[in-house]
Amino acid sequence: MERRTGIIAALDTTNALNIAREIREYVDAFKVNYPLVLSEGISVVKELSSYGPVIADFKIADVPHISAMIAEIAFENGAKAVITHGFTGSDSVKAVLDVASRYNGEVYVVTELSSAGGQEFMTGVAERIVEMARNLGCHGLIAPATRPERIRKLRELAGNMQILSPGVGAQGGKAAEAIRAGADFVIVGRSIYEGNAVENARLLAEQLKEVI
Ligand code: O7E
């Protein structure tokens, strides 16, 4: 993912297209999650692509042939990247990567969720997930802005992979701190789209200029 502002907008809102059009100068990509795609349909991925690269966050976590089918649908609808879980094991992640390579697309692997529950099981295997993702040639990782010390640790193991970090603002994480800990991008939802999205995105981009 090419970095300019370091911000990826998580558009978990029904007003996504309008917001994307208004904030595109302040963000590097848009992330599309289930609340949006299940209410608007898959065509929203293509529509959003006209405003910037789209990361299809379909949290792929299935057996390889189904994981591949999900990735195929994301890429054939214009996604630039997909997010897959890593706990599925290497066969499913590899199936997603094989599809991505046909589209020149990118694959980001979830390490541990930014929520408190992410520590119950996922923290215990996150390092192994990073190692698997790196060995397979994945493009990047998702790691929690709510726990910068974990970003720092996972960064050491990540090699050239990029780190995308959610959990900023509404979940308590701090954008600049996540970047300083080793994240390449922050993923930000409510702190942008709730209230004045343009002003929120502009201020965040301004703030991140110092650390990018
Ligand atoms: O808290 P917000 O409003 O800034 O939204 C955060 C977004 O990042 C939301 O779309 C959520 O699904 C996503 N996210 C996390 O919040 N935490 C994680 O650990 C991982 C993700 C994510 O995008 O990865 C896919 C599972």
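For ligands, and for the atoms within them, numbers begin at 1 and follow the listed sequence. Since this is a predicted model, take the numbers as computed values, not measurements.
Distance check, rounded to the nearest 0.5 Å: CD of Glu40 to CG of Leu17 gives 7.0 Å. Here the straight-line distance linking atom CD1 of Ile19 with atom OH of Tyr193 works out to 8.5 Å at 0.5 Å rounding.
Here the protein heavy atom with the shortest distance to atom 24 (O) of ligand 1 is Ile142 CG2, 3.9 Å. In terms of protein heavy-atom proximity, atom 4 (O) of ligand 1 is closest to Gly189 N, 2.8 Å. From the protein, the heavy atom lying nearest to atom 26 (C) of ligand 1 is Lys59 NZ, 3.5 Å. What sits closest to atom 13 (C) of ligand 1 on the protein, heavy atoms only, is Lys31 NZ, 3.5 Å. Of all protein heavy atoms, the one closest to atom 17 (N) of ligand 1 is Ser114 OG, 2.7 Å. At the top of the distance list for atom 22 (C) of ligand 1, counting protein heavy atoms only, stands Asp57 OD2, 3.8 Å. Of the protein's heavy atoms, Gln171 NE2, 2.8 Å lies nearest to atom 16 (O) of ligand 1. Among all protein heavy atoms, the one lying closest to atom 12 (O) of ligand 1 is Asn33 ND2, 2.9 Å.
Note on residues 137-148: pairs passing salt bridge (charged side-chain N to carboxylate O under 4.0 Å, His left out), not counting sequence neighbours, are Glu112-Arg147.
Of all atoms in ligand 1, numbered sequentially from 1 with element shown, those under 4.0 Å from a heavy atom of Ile83 are 25 (C). Of all atoms in ligand 1, numbered sequentially from 1 with element shown, those under 4.0 Å from a heavy atom of Leu113 are 18 (C), 19 (O), 20 (C). Atoms of ligand 1 lying under 4.0 Å from any heavy atom of Val110, numbered from 1 in the order shown and given with element: 25 (C), 26 (C). The Arg190 neighbourhood of ligand 1 comprises atoms 1 (O), 2 (P), 3 (O), 4 (O), with distances under 4.0 Å to a heavy atom of that residue.
Not a single donor-acceptor pair under 3.5 Å links the side chain of Ser67 to the backbone N or O of Ser92. Judged by distance alone, with hydrogens and angles left aside, the side-chain atoms of Thr146 form no donor-acceptor pair with the main-chain N or O of Gly172 at under 3.5 Å. Checking side-chain atoms of Ser165 against main-chain N and O of Ala145 turns up a donor-acceptor pair under 3.5 Å.
Of the polar atoms of Tyr193, none of the N or O atoms is found under 3.5 Å from an N or O of ligand 1, judged by distance alone. Taking distance alone, with nitrogen or oxygen atoms compared against 3.5 Å, Ala170 stays at or beyond that limit from ligand 1. The shortest N or O to N or O distance between Asp12 and ligand 1 is under 3.5 Å. Looking at ligand 1, you won't find any N or O of Ser191 less than 3.5 Å from one of its N or O atoms.
With sequence neighbours excluded, the residues forming a salt bridge (charged side-chain N to carboxylate O under 4.0 Å, His left out) with Arg155 are Asp184, listed by chain and number.
Minimum heavy-atom separation, Leu164 to Tyr108: CD1-CE2, 3.5 Å. Of all the heavy atoms in Ala178 and Val186, the pair that sits closest is CB-CG1, 4.0 Å.
Classified by interplanar angle (parallel below 30°, tilted 30° to 60°, perpendicular above 60°), the ring pair Phe75/Tyr103 is parallel.
Between the side chains of Gln171 and Ser114, at least one donor N or O sits under 3.5 Å from an acceptor N or O.
Residue contacts with ligand 1 for Pro166 involve side-chain atoms from C-beta outward but no N, CA, C or O (heavy atoms, distance under 4.0 Å).
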